[in-house]
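Notes for the one structure printed next.
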Number of protein chains: 4
Amino acid sequence: MKAGERRERVIAHARTDILDAAIRAFARTGLHGTTVQDIAREAGYTAASLYTYFKSKQEIVDAMSNLLTEEYVQVFDQAVPAGLTFHQRFELVLHRHLELVEKRKNVFVTLFGEDSGGGLCGPDGHGKTFHTNFERRIAVLAEWFHRNARPEDIGGNDPKIIARLLFGMAFGLLHEMRDNLQQGSFVNYAPILTEFFFHGVSSKLKPGVRKK
Amino acid sequence: MKAGERRERVIAHARTDILDAAIRAFARTGLHGTTVQDIAREAGYTAASLYTYFKSKQEIVDAMSNLLTEEYVQVFDQAVPAGLTFHQRFELVLHRHLELVEKRKNVFVTLFGEDSGGGLCGPDGHGKTFHTNFERRIAVLAEWFHRNARPEDIGGNDPKIIARLLFGMAFGLLHEMRDNLQQGSFVNYAPILTEFFFHGVSSKLKPGVRKK
Amino acid sequence: MKAGERRERVIAHARTDILDAAIRAFARTGLHGTTVQDIAREAGYTAASLYTYFKSKQEIVDAMSNLLTEEYVQVFDQAVPAGLTFHQRFELVLHRHLELVEKRKNVFVTLFGEDSGGGLCGPDGHGKTFHTNFERRIAVLAEWFHRNARPEDIGGNDPKIIARLLFGMAFGLLHEMRDNLQQGSFVNYAPILTEFFFHGVSSKLKPGVRKK
Amino acid sequence: MKAGERRERVIAHARTDILDAAIRAFARTGLHGTTVQDIAREAGYTAASLYTYFKSKQEIVDAMSNLLTEEYVQVFDQAVPAGLTFHQRFELVLHRHLELVEKRKNVFVTLFGEDSGGGLCGPDGHGKTFHTNFERRIAVLAEWFHRNARPEDIGGNDPKIIARLLFGMAFGLLHEMRDNLQQGSFVNYAPILTEFFFHGVSSKLKPGVRKK
DNA sequence: AATGAATGAGTATTCATTCAT
DNA sequence: TATGAATGAATACTCATTCAT
């Protein structure tokens with residue numbers, strides 16, 4: 001039925017709107033600092049209305065978390081031209097990722113800079129949301145290395161370790177953004193990250209960098 | 001006055017005890033998940049008593065945060081034998097750091113896996129505690145690079161960037177610990193980090209690593 | 001108007017359906033435990049639709065309450081053969097009542113085991129529904145005694161008191177049903193109630209009872 | 001230590017005060033109609049303070065319920081002069097009970113006129129508090145009959161049934177109080193109940209009653 | 001007539017913090 | 001100094017009810 005379809009789309013749309021609002025709200029005041037009312041206000045609803053679309057605040061958090069992870073994962077599904085070297089593919093994918101991070105940097109910083117349940121998470125597993133996300137992203141990245149890099153491409157290292165190192169580097173750079181979100185495009189870090197990834201600090205100095 | 005001194009020492013001791021308890025408590029249940037009561041119980045006080053030594057929960061958090069940062073900073077103050085190459089000094093300091101991380105693993109993971117006030121921190125500056133800590137460590141590390149590395153030692157890159165990358169890598173590795181804190185010594189990552197830091201994935205494969 | 005009549009009948013039918021559903025729902029989860037949605041679901045409507053037929057939840061409750069009372073009252077309107085002794089009439093009517101209780105056992109237990117507004121009822125008179133019902137039944141019963149029993153038939157007592165005692169006894173027996181609704185027919189209590197009503201514990205022991 | 005004892009007594013006293021307040025509040029507005037704030041106000045506390053003494057509203061309800069049952073049970077523990085006939089003992093105990101009911105009639109009516117969870121109680125057993133109480137009282141009463149009445153004293157009937165009938169009768173009389181709590185002493189019903197219990201409506205008319 | 005969606009009002013519970021003893 | 005007790009403020013969630021479609 002058309003009606004049924006349309007309704008579903010309307011609901012999906014509302015959920016998306018709410019999630020977007022939640023992302024903005026969380027990015028601004030953090031997971032704990034943001035009340036359901038805050039999200040509702042940001043989304044143009046009343047708090048009670050959110051419960052039409054989500055069962056609980058936690059479900060909103062989870063949905064948002066999944067949404068962001070999903071975006072991340074999808075970068076790996078995008079087509080990559082054939083015949084590229086590992087180095088080229090690396091640059092391409094890295095670039096795409098940095099663009100995504102650029103888009104989401106506000107939340108990104110929040111998401112990985114806060115946790116809803118506390119460090120090691122209570123014994124109930126509550127609050128592991130973002131830790132899980134963090135790890136899932138690393139896992140996906142590791143998988144990509146596994147499929148795209150020959151052992152010698154990554155120095156014979158375990159792809160998981162490599163993924164962890166790369167992701168960590170990006171996180172370290174991203175963390176700077178906390179103070180000055182407005183300025184500077186995150187994509188600009190692509191060359192540095194690439195160079196460092198492949199050669200560490202022993203990279204042959206390139207003109208542009210050397211002058212710095 | 002003798003009495004005055006003694007009292008001060010007693011107070012300082014109590015503060016230390018409380019901070020230690022707080023560290024354990026926070027490591028277990030996170031910043032939000034830990035109540036003042038929890039800290040008090042862990043310290044052998046009642047909640048009300050903590051207010052004799054600290055003005056607020058936030059002050060406890062801050063003091064703990066500073067304590068941890070101070071530990072970190074002191075690693076750089078330890079004597080380093082003269083005549084070492086940059087590479088050697090790097091390894092030495094890295095090793096010391098990893099040992100420290102090892103010791104504080106639990107809190108460390110918590111501290112940087114959660115935030116007390118939320119992502120970008122409310123306009124009141126509340127919750128910036130750990131972000132500040134994160135950044136301060138990076139700053140200290142950058143400073144160390146600045147003083148200990150010639151430009152060519154770090155590929156002509158900005159020490160701040162290098163510091164951020166290195167710190168990020170360590171963070172990436174550390175994050176794994178969340179799931180399995182008990183097993184594996186964090187110090188074992190020293191060779192990998194060193195190798196990656198200097199040569200990225202292009203390191204000449206060493207026998208031990210190659211076999212992996 | 002034919003149309004008008006039909007519409008009225010449709011409306012009346014819907015109201016009946018809803019009340020039946022409400023009875024089932026209330027019997028299952030009680031007055032407070034049952035939401036308007038629950039009733040609607042049970043009736044095959046949406047919650048909003050119920051407001052086409054009833055002004056409020058309270059009105060549903062009241063209507064249901066009245067319905068049940070009405071059923072009860074009608075037992076007294078049923079024909080009773082002429083020439084029966086008081087004892088015989090008593091047994092007949094009691095039997096009919098127990099059958100009714102049997103049928104409504106579930107709700108009955110619920111109705112008198114819970115109240116919608118609280119004990120003595122707020123000053124707004126809210127929640128008196130079932131109290132009123134309780135009392136109305138007793139009143140009807142008292143009235144029946146008044147019309148059917150000579151003073152000496154009921155020991156010269158006030159019919160109202162007698163009605164209250166009898167109704168209370170039945171209630172006491174009924175309350176047991178809360179735990180085991182499925183088993184045992186309530187009608188089986190008729191002889192015991194009758195015997196006790198007429199002779200208290202001083203009844204001449206009948207064989208069947210004595211053996212128990 | 002004296003201090004420890006005194007504190008315990010203070011706490012016990014506070015709990016008692018709160019329970020008394022709760023009883024008054026519940027008697028006035030019912031279980032659902034009474035908020036934690038209401039109880040607190042009645043007890044001279046703030047709502048938050050109640051949680052120093054009780055874990056939850058439900059715990060208050062349970063404690064009150066137990067308190068009332070306990071009072072009831074204790075009536076049976078009071079000494080009864082030796083050498084009394086069953087009839088005499090019955091009258092004595094009945095009288096004591098009616099006095100107790102008199103004292104608690106407000107709540108009593110509420111307690112058994114409302115239920116916190118709904119009729120048959122959710123599958124979680126929640127809300128059975130008062131049903132359980134009802135049944136426990138009957139059980140205690142039945143036990144008393146079992147120990148104090150020879151089979152022929154109660155017409156060879158099952159003590160449980162007899163207890164249920166008696167308790168029901170009292171309940172029926174009590175229910176009248178809902179409307180006019182102020183007037184009339186419940187104890188006045190003792191003769192009627194006794195007479196009815198022993199002889200049903202067939203009691204030999206006594207002067208006082210006959211005139212009514 | 002039926003309903004999806006929206007909401008106002010209400011509630012139990014938590015927790016950092018204060019203060020008299 | 002230590003603390004038991006008290007509390008204000010905050011928050012997620014529920015539900016009867018309304019209304020545009």
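Just so it is clear, the structure is predicted and the values come from calculations on it, not from any experiment. Below, read A as the first sequence line, B as the second, and so on, with proteins coming before strands; counting in each chain starts at 1.
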Sorted by chain and residue number, the salt bridge (charged side-chain N to carboxylate O under 4.0 Å, His left out) partners of Arg24(D) (sequence neighbours excluded) come out as Glu42(D)
In DNA chain E, consecutive runs of at least three Watson-Crick or G-U pairs below 3.5 Å, as range with range, amount to E:2-21 with F:2-21
- prompt: Below 4.0 angstrom from OP1 or OP2 of dA2(E), is there any side-chain N or O of Ser49(C)?
  reply: no
Hits for salt bridge (charged side-chain N to carboxylate O under 4.0 Å, His left out) against Arg7(C), two or more places apart or cross-chain, chain-then-number order -> none
With sequence neighbours left out, the residues meeting side-chain hydrogen bond (donor to acceptor under 3.5 Å, both in side chains) with Arg15(B) are none
Show the numbers, then the answer: is there a side-chain contact (heavy atoms from CB on, under 4.5 Å) between Gln58(A) and Val61(A)? CA-CA 5 Å; Gln58(A) 187 61 44; Val61(A) 170; 4.2 Å; yes
Note: contacts of residues 11-20 of chain D with DNA chain E (heavy atom, under 4.0 Å) are none
Here the distance between atom C1' of dT11(E) and atom CZ of Arg41(D), to the nearest Å, is 13 Å
In 5'-to-3' order, the base (B), backbone-only (S) or no-contact (-) status of each nucleotide in nucleotides 11-17 of chain F, using a 4.0 angstrom heavy-atom cut-off, is SSBBBSB
Is it the case that atom CD in Glu8(C) sees more than 12 heavy atoms from other parts of the structure closer than 6.0 Å? no
side-chain hydrogen bond (donor to acceptor under 3.5 Å, both in side chains) filter on Thr16(D), not counting sequence neighbours, yields none
To the nearest angstrom, the CD-P distance between Glu8(D) and dA5(F) comes to 11 Å
With sequence neighbours left out, the residues meeting ring-ring contact (aromatic ring centres under 6.0 Å, His included) with Phe54(A) are none
Applied to residues 30-39 of chain B, the salt bridge (Lys or Arg N to Asp or Glu O under 4.0 Å) test, sequence neighbours excluded, yields Asp38(B)-Arg41(B)
Between CZ of Arg6(A) and P of dA5(E) the distance, given in whole Å, is 13 Å
For Glu70(B), the salt bridge (charged side-chain N to carboxylate O under 4.0 Å, His left out) test, sequence neighbours excluded, returns Arg136(B)
Whole-Å distance, Asp38(D) CG to dG10(E) P, equals 12 Å
**Message:** For a quick test of reading the model: is some side-chain N or O of Tyr45(D) closer than 4.0 Å to OP1 or OP2 of dA6(F)?
**Reply:** yes
Separation of dA12(E) atom C1' from Ile60(D) atom CD1, nearest Å, is 11 Å
task: Mark yes or no for whether Lys55(C), through its side chain, and Ile60(C), through its backbone, hold a donor-acceptor pair below 3.5 Å.
output: no
Nearest-nucleotide check on DNA chain E, Tyr53(C) vs Gly44(A); residue mapping nearer the 5' end is Tyr53(C)
Table please: side-chain donor-acceptor pairs of residues 45-52 of chain B below 3.5 Å, with sequence neighbours left out.
residue: Thr46(B); atom: OG1; partner: Ser49(B); partner atom: OG; Å: 3.1
residue: Thr52(B); atom: OG1; partner: Ser49(B); partner atom: O; Å: 3.1

